[in-house]
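Single-structure report; data block below.
Counting starts at 1 for both ligands and their atoms, following the listed order. Below, all heavy atoms of this structure are taken into account, side chains as well, without hydrogens, waters or symmetry copies.
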Amino acid sequence: MQPTLFISHGSPMLALEEEPTAKFLQNLSSKLPTPQAIIVASAHWETNEPQITGAAQPATIHDFKGFPKALYDLRYPSPGAPQLAARIESLLKAVGFNASIDYSRGLDHGVWNPLLLMYPDAAIPVVELSIQPHRDARWHYKLGQALSALRAENILIIGTGNLTHNLYQAMRGNHHTVPSWVTAFAEWVAKCMSDNDLESLFEWERLAPYAKENHPTAEHFLPLFVALGAANTPLNAQRLHSDITLGVLAMDAYKFGAQ
Ligand code: ZN
């Protein structure tokens, strides 16, 4: 049985800089059963209704501007998994989602950046799942839940975003110490996880300290709920990693489900 993961992917430079989160990701795959395929819900694919990549050979999308050429030269040539995409579509439709397959879309940096560190061979087929930023945490939990059975078929389900994501503050780059509004939010999430308190997590925009400061928009937090839903219960949440990058971006990673 595969666990599910939430991964904070940080800056696109993650794959090139030797920072603690990159090292963590490089070591992570050796601690997991090798999956047969990987499904990744990414903050960087926002759609009105759930979509799934269906390309047999998805391209690497360099969906960022102003970074060094070395980053644009990186490729993640993993195969896609058209049959798995079709199964995901039918699993989602079966519970009422108006899901569809996008046969031309490639993998964005929220997907390939962490996978390049975790599985550098790019040999494991990857399917990407979109998020719906106008929908709430419960919606994304249900999205994950619909895919939960695939874990028993050795399929790894990952949500990729950032535990905190105030990009405006990150770009200002003048943070000598980590602001308390960042740590307060990250520790509130950690407490909910250790208490198995899903109900509070669902209400994070209302209950979490400094929710709006940490997530002026919700898209980098919502993939967490796909991972939570796919784990189903018991959650068995484990905080695998925590770090802060660019002053205010919490880089927490969590594992759910399988022990
Ligand atoms: Zn991102």
Side-chain angles (χ1 to χ4, degrees), residues 4-17 19-22 24-26 28 38-47 50-51 53 58-68 70-72 74-76 78 105-119 126-135 137 140 143-144 157-173 175 178 182 185-186 189 204-205 211-228 240-254:
T4 74
L5 299 172
F6 174 71
I7 291 171
S8 298
H9 57 247
S11 150
M13 291 298 285
L14 179 75
L16 290 178
E17 288 176 344
E19 56 169 301
T21 300
F24 157 72
L25 290 168
Q26 280 165 340
L28 178 57
I38 306 171
I39 302 170
V40 191
S42 171
H44 291 281
W45 190 15
E46 302 178 31
T47 58
Q51 290 191 24
T53 56
T60 303
I61 311 177
H62 297 85
D63 53 335
F64 39 74
K65 289 194 181 115
F67 286 91
L71 194 57
Y72 297 91
L74 291 179
R75 295 285 180 280
Y76 194 72
S78 67
R105 186 184 161 96
L107 307 175
D108 60 60
H109 80 275
V111 179
W112 64 259
N113 227 319
L115 289 185
L116 195 61
L117 294 160
M118 288 174 71
Y119 300 104
V126 178
V127 170
E128 181 171 349
L129 176 66
S130 70
I131 57 147
Q132 290 71 62
H134 56 297
R135 301 288 192 174
H140 290 86
L143 204 58
I157 301 172
I158 301 175
T160 168
N162 243 90
L163 197 87
T164 67
H165 195 256
N166 188 322
L167 219 47
Y168 173 76
Q169 290 292 345
M171 291 305 138
R172 289 180 63 184
H175 304 282
V178 179
V182 174
F185 184 91
V189 172
W204 70 278
E205 284 171 291
K212 205 68 184 166
E213 285 82 352
N214 284 291
H215 291 282
T217 53
E219 83 290 333
H220 272 72
F221 200 54
L222 294 172
L224 170 67
F225 293 96
V226 179
L228 286 167
L240 298 179
H241 173 71
S242 61
D243 186 38
I244 303 284
T245 189
L246 299 174
V248 297
L249 302 188
M251 297 299 291
D252 296 41
Y254 280 92

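- Applying the salt bridge (charged side-chain N to carboxylate O under 4.0 Å, His left out) criterion to Arg135, with sequence neighbours excluded, gives no partner residue.
- Aromatic ring pairs are classed by plane angle as parallel below 30°, tilted from 30° to 60° and perpendicular above 60°; the pair Trp204 and His215 is perpendicular.
- Across Val189, Asn162, Ile131, a single residue satisfies side chain to side chain contact (heavy atoms under 4.5 Å, CB included) together with Phe221, and that is Val189.
- Between Tyr72 and Phe64, the angle of the ring planes lies from 30° to 60°, which puts this pair in the tilted group.
- Ring centroid separation for the pair His62 and Trp112 comes in under the 6.0 Å cut-off.
- Side-chain contact annotation: Ser130 with Gln132, donor-acceptor N/O pair under 3.5 Å present.
- Inside a sphere of radius 2.8 Å centred on the Zn ion (ligand 1), the protein N/O/S atoms present are His9 NE2, His44 NE2, His220 NE2.
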